[in-house]
Amino acid sequence: MPTGELLSPLLLLLLLSRPGLSISSAAVLISSPTSPPVLGRIGVSVKWQKEVFPGIEIDTSQPPIVFKSQLYTLTGVPPERQKIMVKGGILKDDADWSTLGVKDGQKLMMIGTADEIVKAPEKGPVFVEDLPEEEQVVALGHSAGLYNLGNTCYMNSTLQCLHSVPELKSALLSYPDTVRGNGIDQASHNLTLATRNTFGDLDQSVRPVAPLQFLQTLRKKYPQFAQQHNNVYMQQDAEECWTQLVYTLSQTLTSDSSESAVLPMKQLFGIDLVSRVHCAESGEESTETESVYSLKCHISQDVNHLHEGIKHGLKTELEKASPTLGRTAVYTRESRINELPRYLTVQFVRFFWKRESNQKAKILRKVDYPLELDVYEFCSDELKQKLQAPRQMLRDAENAKFGLKAHGKASSSKENEESSSSAGESSSMDIDKAESYLPKKQLTGVYDLVAVLTHKGRSADSGHYVGWVKQDDGKWIEFDDDNPNIRKEEDILKLSGGGDWHMAYICLYKARMAESKS
Amino acid sequence: MSPPENPSPAAPAEPSQPPPPAAAATGKGKKKDEKKDDDLSEEDLALKEQLELYVVRAQDADPGVQKLALESMRQEIRSATSSMTSVPKPLKFLRPHFGTLKSYFETMPESELKKYMADILSVLALTMSIEGERESLKYRLLGSEGDIGSWGHEYVRNLAGEIAQEFQKRQDDDLPIDALMELVQQIISFHMKHNAEPEAVDLLMEVEDLDLLVEHVDATNYKRACLYLCSSSKCRTQDDSLALDIAYTIYLKFGDLASALRIALKLEKSLQYVKQVYTATDDLLLKKQFSYLIARHGLVMEIDDEIAADDNDKEVLQEIVNNTKLSEGYSTLARDIEVMEPKSPEDIYKVHLIDGRGASSSLDSARQNLAATFVNAFVNAGFGQDKLMTAPSDSSSSGSSGNWLFKNKEHGKASAAASLGMILLWDTDSGLAQIDKYLHSNDTHVVAGALLGIGIVTCGVKSDCDPAFAILMEYIGKDDSNIRIGAILGLGIAYAGSQKEELKMHLSAVLGDSQSPLEVLVFSAIALGLVFVGSCNEEIAQSIIFALMERSEAELAEPIIRLLPVALGLLYLGKQDSVEATAEVSKTFDEKIGKYCDVTLMSLAYAGTGNVLKVQKLLGICSQHLEKGETHQGPAVLGIALIAMAEELGAEMAVRSLERLLQYGEQNIRRAVPLALGILCISNPKVNVMDTLSRLSHDADADVSMAAIISLGLIGAGTNNARIAGMLRNLSSYYYKEAAHLFCVRIAQGLVHLGKGLLTLSPYHSDRFLLSPMALGGLVTVLHACLDMKSTILGKYHYILYIIVLAMQPRMLLTVDEDLKPLSVPVRVGQAVDVVGQAGRPKTITGFQTHSTPVLLAAGERAELATEKYIPLTPVLEGFVILKKNPEYHEE
């Protein structure tokens with residue numbers, strides 16, 4: 001502890017620099033603290049935090065502020081922030097020492113800090129609770145669920161899966177309230193509007209949404225969904241709902257070409273197939289082109305993987321009248337993809353009409369599907385040619401990103417998985433903001449899984465449908481009607497069938513785009 | 001503890017039948033039992049015939065022959081050996097002659113011989129008298145009053161049982177009992193000499209003269225006798241203090257002062273007894289040990305000249321009593337266990353262990369941040385450092401502590417500022433300094449929180465300078481009600497149990513001020529209740545009652561109002577009958593609150609007493625079906641737990657009763673059941689209770705499940721129990737969408753890791769013998785607030801949770817040497833064994849492990865020194881224990 005003498009010069013300076021303090025008070029302080037107590041002077045010790053300052057003299061003829069400035073020099077705590085405990089409370093600046101009963105040798109306690117006073121940050125944090133509801137959605141990390149309105153899970157799961165397509169959302173947003181153009185019937189228009197509104201509700205709400213309007217218009221447009229059994233609306237096939245909805249939207253949304261930013265449904269979901277129809281007997285051969293909205297994955301005894309199923313689905317045999325043979329003959333029809341969509345829909349043909357039981361029966365066979373799907377082998381030669389360059393670019397980009405790893409080890413599959421999924425994310429994020437640079441982005445034939453519609457149960461018209469949708473952060477959400485649950489990627493791959501668990505019925509893949517370097 | 005039962009006659013002897021002439025009887029018996037006699041061995045047959053001869057001779061006209069016969073008979077009886085299953089042979093063979101001898105006795109003239117005869121009859125009555133006749137006693141009183149023990153232990157026990165009955169009867173009939181008491185004296189001295197202290201105490205309790213015990217105990221048996229006295233006092237429904245008083249006297253008599261002090265603290269008017277203990281010794285070291293116990297108990301006491309004449313000694317003792325060293329000891333413990341490293345709430349949540357969930361958004365949720373504030377405060381309580389509030393302030397001047405503070409919203413900021421108090425708990429020196437800067441904030445919530453924080457820091461730690469009082473008093477008159485509440489609640493916490501007169505004046509003034517907003521009023525009442533806990537202070541009771549009476553209908557409907565009856569009840573906490581006058585007044589209240597108040601008062605007044613009758617009464621209240629949506633059944637359920645928690649057996653029964661309520665009770669009862677379970681097993685995670693609560697935590701009723709979650713935290717408080725932690729983690733993912741539930745889960749997680757597992761919330765200490773009223777008061781207040789969580793801790797009064805600090809104590813054993821410096825010695829820590837009423841020196845712990853101090857003690861654990869090198873100054877090794885070198889110890 002520095003002694004009073006050592007402190008004095010500094011003390012004096014400090015005191016002189018403080019206005020309102022006379023020299024006389026400073027002079028008091030200079031007097032040695034060890035001198036015996038004189039009348040009017042009391043020696044006390046002061047405890048401050050963990051330190052004790054012994055032998056401090058109080059001149060009782062001076063106001064306590066003098067004492068406080070003494071302490072100021074010792075502790076650096078400004079007098080106005082010093083709290084000195086005396087009998088009956090805190091020492092006031094204008095108190096009279098004689099009434100306080102401070103005795104010689106008493107221990108006083110001082111509280112106070114020279115620390116900066118905490119100030120509120122200029123910009124306070126934003127709390128989730130303060131946000132309007134639609135912004136809480138963002139915070140929640142996923143959109144709301146949909147109420148089941150009585151066997152409508154087929155519709156809910158379909159809507160949730162389609163809702164995951166941002167381009168569709170933006171296309172719907174620009175859809176006008178009134179019917180335009182011709183060839184669009186009122187029912188289709190209403191259904192499109194209802195879709196738009198439902199998507200809007202989903203985006204804005206944290207609570208589950210009841211898609212009443214959508215259901216009504218859907219049933220108006222497609223009365224088969226209003227089938228009743230025992231006065232209860234029946235369960236329906238989700239695939240049918242999906243197909244009809246996409247079809248309707250393709251009708252309504254493509255009709256207007258004035259807005260270029262909007263991708264027509266065709267570009268989003270449409271797959272152009274070129275098929276070679278060949279008759280082995282006659283040697284006849286013809287090519288046909290057609291546009292479909294989904295690839296079928298046929299499931300037979302020897303199909304264990306999605307690839308095999310698609311291959312199977314693209315090659316069909318059909319009987320038709322052969323003009324050369326003059327009778328019906330067996331033709332093989334081999335289809336190739338001629339144009340790829342932004343979103344590839346793959347349907348597992350799990351249901352077939354079972355005559356004996358008169359219902360759509362289900363194939364429970366396990367068919368694995370990948371998180372990353374390459375459809376290059378299903379493409380026509382012409383398309384393959386076109387894909388060459390973008391695919392190379394994509395590979396380069398990915399290698400550049402994970403270059404060292406790829407070279408270093410014989411790249412373990414896991415790393416590949418990671419790299420591909422993260423690359424997929426980055427490209428998907430880019431798409432939203434950079435739609436106008438579309439030409440720069442090119443399809444590569446590589447697709448990432450973004451949504452799965454699953455079915456649980458033994459027939460298409462019964463059981464339960466659930467939508468599983470990938471979020472921007474890589475997490476998956478299981479939309480079980482009004483109850484969204486967070487899932488992991490492993491859970492998604494478990495939906496490949498082979499039991500009574502949910503199994504994939506429709507998979508929605510999103511194209512991974514290659515960005516030209518320019 | 002039950003009076004010794006009369007040993008039921010081994011054979012269906014019928015002594016009441018008219019006795020047949022002796023000769024005929026023998027002849028007849030011979031014929032009849034001829035076959036039976038064949039079974040007897042030669043020896044037995046001879047004995048039998050011998051005895052029969054004595055019986056005949058005893059009725060001889062010649063006194064000489066008579067005397068000889070009686071002497072011989074007596075000799076036979078005494079020398080006979082008996083076993084547990086058979087009646088001694090002489091008694092057996094004499095049985096048929098009991099009636100004969102009895103009738104002959106009546107005809108005998110008053111003489112020595114008659115007394116002799118009476119003695120023998122008294123012994124024979126042991127097996128032959130029909131129950132309720134008390135013939136053994138009768139003949140004993142007529143007998144020669146010889147050495148009572150000469151007839152064997154069983155005889156004495158039987159006699160004791162008969163005395164108990166006779167005493168009762170004579171009391172009723174107003175007959176003199178002098179002769180009985182004479183006998184009692186003999187019996188007691190016999191029992192005390194023969195390791196049968198429980199029987200002696202039982203008999204004395206029956207004859208309502210425990211004082212006698214003091215004369216008969218000696219150095220070898222006083223411990224067992226006192227142990228039995230103390231534990232039997234728990235089971236009495238009235239004047240339980242009598243037994244304790246005697247135990248106290250005995251301990252004093254034998255100089256076992258530390259034990260005497262424990263009892264003194266349990267008794268009413270503790271202070272007087274405590275001083276007596278202090279003055280009974282000149283050993284300063286012992287006095288220091290006493291001071292540690294007093295500090296742990298939370299008794300506010302001033303060391304005066306009587307206790308320690310020397311000023312220096314006085315200062316040292318006062319320092320210990322003031323708990324000044326608690327923070328230091330706690331840090332020693334923490335350093336030894338290596339848990340000084342601050343933990344962040346994320347370390348507790350362990351999100352990475354939860355599947356899938358935990359999608360934390362980039363945005364701050366005010367509620368989750370508030371939860372994190374509490375978790376941070378609970379987990380780092382008393383360590384002086386954390387990762388949110390204190391850590392960065394040293395490194396940068398701007399201090400991101402401010403940042404965390406302002407990551408809380410409005411009232412949340414108050415709790416955040418107050419959390420600093422929790423982190424710096426008991427460390428008044430640096431604690432007050434760190435909180436001080438927040439007092440200069442221009443945000444009223446921050447100031448309010450800082451004031452509350454000052455209260456929390458000084459909780460249980462007293463100082464001559466009274467800094468908390470000086471600072472907080474400046475603020476209780478401010479305009480802003482948040483600041484006022486902060487200051488008032490801070491005072492309540494800081495001075496809980498101190499009965500500080502100045503506070504009574506100031507806080508009563510707030511209470512009486514009709515201008516005070518309701519919330520300020522309620523918190524003043526609570527603060528008063530805490531400061532004057534268990535004081536039965538009439539003045540304060542009056543002012544709370546007036547405050548209650550003056551409330552309007554609308555105000556009475558406010559949920560926070562339920563704390564007013566609690567405040568009133570706190571004044572009578574554990575004081576039993578003393579509450580009656582106030583309870584009468586409460587009946588006149590508005591019906592909305594009257595019933596609630598009545599039940600609350602009763603449950604608090606009998607809290608920690610184990611009074612079975614009151615438990616029954618409360619169970620009765622719970623069985624009613626209420627139509628008008630009354631709420632008083634909640635406190636009734638809590639009351640069952642509060643009363644029954646006093647001792648193990650009662651607590652277990654209460655758990656079962658509560659299960660029943662859960663099944664059949666109505667919703668408002670079910671909501672309180674989890675909380676009741678929580679207080680019953682506080683900081684004591686019993687598996688069955690844990691399972692029940694885990695089940696309830698998924699209950700469909702939100703209030704039930706939230707209460708269950710909080711209670712999971714309470715039963716696991718400060719234990720780091722892995723199973724509860726796992727349950728809570730799963731709950732956090734189960735309820736990740738329910739903000740309110742999630743908040744409760746977080747709080748519970750914070751509680752489980754309270755003080756990183758070094759603290760306990762149990763109000764019981766010193767071998768579960770002493771109940772700290774402050775701790776219980778704090779818990780009760782929080783629990784009552786939890787009865788309506790939505791409007792209290794989930795609303796803006798979440799800082800009520802900080803009241804729990806009153807119950808927070810390190811669950812440690814810290815041994816110190818004669819200079820009060822930590823001293824590491826090996827100790828055995830194991831499950832405590834109940835040794836009450838056991839003869840000899842049974843092991844007091846089982847399944848022990850040897851550690852070196854400082855060590856943690858879990859619920860139901862006990863420690864004993866594993867070395868002979870030191871002698872502890874207190875029989876109960878808990879908290880601070882001073883060790884003295886054993887002079888007889890020789891290093892090997």
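Below, read A as the first sequence line, B as the second, and so on, with proteins coming before strands; counting in each chain starts at 1.
- Put simply, the side chain of A:W48 gets close to the backbone of A:G112: a donor and an acceptor are under 3.5 Å apart.
- Among residues two or more places apart in sequence or in another chain, the side-chain contact (heavy atoms from CB on, under 4.5 Å) test is passed with B:S419 by B:T373, B:A377, B:M389, B:I423, B:Y802.
- Looking at B:D427, only its side chain comes within 4.5 Å of chain A, counting heavy atoms on both sides.
- Heavy-atom pairs under 4.5 Å with chain B were tallied for A:K83, A:R81, A:K47; the largest tally goes to A:R81.
- When ring centroids are compared, B:W426 and B:Y330 come within the 6.0 Å threshold.
- For B:L491, the side-chain contact (heavy atoms from CB on, under 4.5 Å) criterion is met by B:F469, B:L472, B:M473, B:I476, B:Y495, B:L503, not counting sequence neighbours.
- Note on B:C465, B:S463, B:A739: by heavy-atom pairs under 4.5 Å with chain A, the leading option is B:C465.
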